[in-house]
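Input: a single structure, listed below in structure tokens.
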Amino acid sequence: AALDGSAVLAAKGGDLALAGTLATHGDWSGLGAATAGDAPQIAALKRAARGFDAETKGLAITAGERGLTLALTSPLTVRTGAGGAATLHAMGAAPLYASGAGALKLAVGGGGLPEVEMAVDRYRLLPGGLTAQTRIKARTGVGPVRDGDIAVDGELRFADGALAFA
């Protein structure tokens, strides 16, 4: 990873501004290993989480009296060893995160993963959860849905460990 920028610190506070590129490798075993009983897209998701590369040419981080801001000036792409990819975009000029809120677009597909397009027009973090105005389109074959097209538009709410979509 390479981030360039400036930092100004003072006795009563300070500002931090970093901008640059990011390239990293990661893995996550929280979904467990793929099993024979998994639907193909679930198995692909489990395999994808076990090894991936992430890269963006434009990441900006600022922090100061106004809080923390994370912004992308170019997409962040996560690629799996099996050919899957997830691409995270900023929503226009809006930051991904600023003072507990933000907006984003996400596209997932390839490598056996479900084809998903998600737009979060705005989200806000709340004590114990979040709300997000969300649009999702997916082509999937998980559970009782086989080669199904799903489209939803509404508010996603996560609070106190419960998830709701209305």
Side-chain angles (χ1 to χ4, degrees), residues 1-10 12-28 30-31 41 44-45 48-49 52-80 83-111 113-140 142 148-166:
L3 287 173
D4 299 310
S6 62
V8 178
L9 302 175
K12 292 185 179 180
D15 292 324
L16 172 70
L18 301 171
T21 63
L22 174 71
T24 189
H25 176 79
D27 61 81
W28 184 54
L31 296 176
Q41 290 180 335
L45 181 61
F52 53 88
D53 295 306
E55 179 179 32
T56 182
K57 301 291 184 198
L59 173 66
I61 303 169
T62 58
E65 289 184 17
R66 294 185 186 181
L68 176 68
T69 299
L70 300 174
L72 286 177
T73 57
S74 72
L76 171 68
T77 301
V78 179
R79 290 185 175 78
T80 72
T87 304
L88 182 67
H89 297 264
M91 268 303 221
L96 293 180
Y97 175 87
S99 302
L104 58 94
K105 291 188 289 186
L106 177 68
V108 177
L113 296 171
E115 301 291 325
V116 178
E117 292 180 16
M118 180 175 77
V120 178
D121 297 315
R122 67 185 172 281
Y123 73 86
R124 174 153 304 284
L125 298 178
L126 305 169
L130 68 85
T131 63
Q133 191 60 40
T134 307
R135 293 174 282 130
I136 303 170
K137 291 181 184 178
R139 182 157 205 32
T140 186
V142 175
D149 290 319
I150 300 168
V152 295
D153 184 351
E155 184 178 73
L156 176 72
R157 285 185 225 130
F158 180 74
D160 301 321
L163 184 65
F165 193 85

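- Taking all atoms of both residues into account, the shortest heavy-atom contact from G64 to D15 is CA-OD1, 3.3 Å.
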Evaluate side-chain contact (heavy atoms from CB on, under 4.5 Å) for L72 paired with H89, printing each intermediate quantity in order.
CA-CA 7 Å; L72 286 177; H89 297 264; over 6 Å; no

Could you go through T87 and K105, starting from their C-alpha distance and side-chain angles, then the distance that decides it, and tell me whether this counts as side-chain contact (heavy atoms from CB on, under 4.5 Å)?
CA-CA 8 Å; T87 304; K105 291 188 289 186; over 6 Å; no

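- Contact between G111 and A44 at its shortest, heavy atoms only, is O-CB, 3.6 Å.
- No donor-acceptor distance shorter than 3.5 angstrom exists from the side chain of T21 to the backbone of T56, with no hydrogens or angles considered.
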Between T131 and L126, does the side-chain contact (heavy atoms from CB on, under 4.5 Å) criterion hold? Intermediate values first, please.
CA-CA 8 Å; T131 63; L126 305 169; 3.6 Å; yes

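- Using a distance-only test at 3.5 Å, with no hydrogens or angles considered, no donor-acceptor pair links the side chain of T140 to the main chain of A138.
- Counting all heavy atoms, side chain and backbone alike, R157 lies closest to A166 at NH2-CB, 4.2 Å.
- For the atom pair Y97 OH and T69 OG1, the distance stands at 8.5 Å (nearest 0.5 Å).
- Between Y123 and L96, the shortest heavy-atom contact is OH-O, 2.6 Å.
- Within 6.0 Å of CZ on R139 lie more than 12 heavy atoms contributed by other residues, nucleotides or ligands.
- Remark: L76 CG to L104 CG distance equals 11.0 Å, nearest 0.5 Å.
- How far CZ of R122 is from CD of Q133: 5.0 Å, rounded to the nearest 0.5 Å.
- Residue E117 places its CD atom among 12 or fewer non-hydrogen atoms of other residues, nucleotides or ligands, all under 6.0 Å distant.
- For the pair L59 and T73, the tightest heavy-atom approach, listed with the atom from each and the gap, is N-OG1, 4.4 Å.
- In this structure, M118 and I136 have side chains that are in contact, with non-hydrogen atoms separated by less than 4.5 Å.
- Under the 3.5 Å distance criterion, the side-chain polar atoms of S74 are matched with a main-chain donor or acceptor of K57.
- Interatomic distance, CZ of F158 versus CG of L163, reported as 7.0 Å (0.5 Å rounding).
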Using side-chain contact (heavy atoms from CB on, under 4.5 Å), reason through M91 and D121 one step at a time and then give a plain yes or no.
CA-CA 7 Å; M91 268 303 221; D121 297 315; 3.0 Å; yes

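- Rounded to the nearest 0.5 Å, atoms CD (E155) and CZ (F165) are 9.0 Å apart.
- Nearest approach of A86 to V108, heavy atoms of both residues: CB-CG2, 3.9 Å.
- In this structure, OG1 on T77 lies 9.0 Å from CG on L88, to the nearest 0.5 angstrom.
- Side chain of S99 to main chain of R66: a donor-acceptor pair is present (N/O by atom type, distance under 3.5 Å, no hydrogens or angles).
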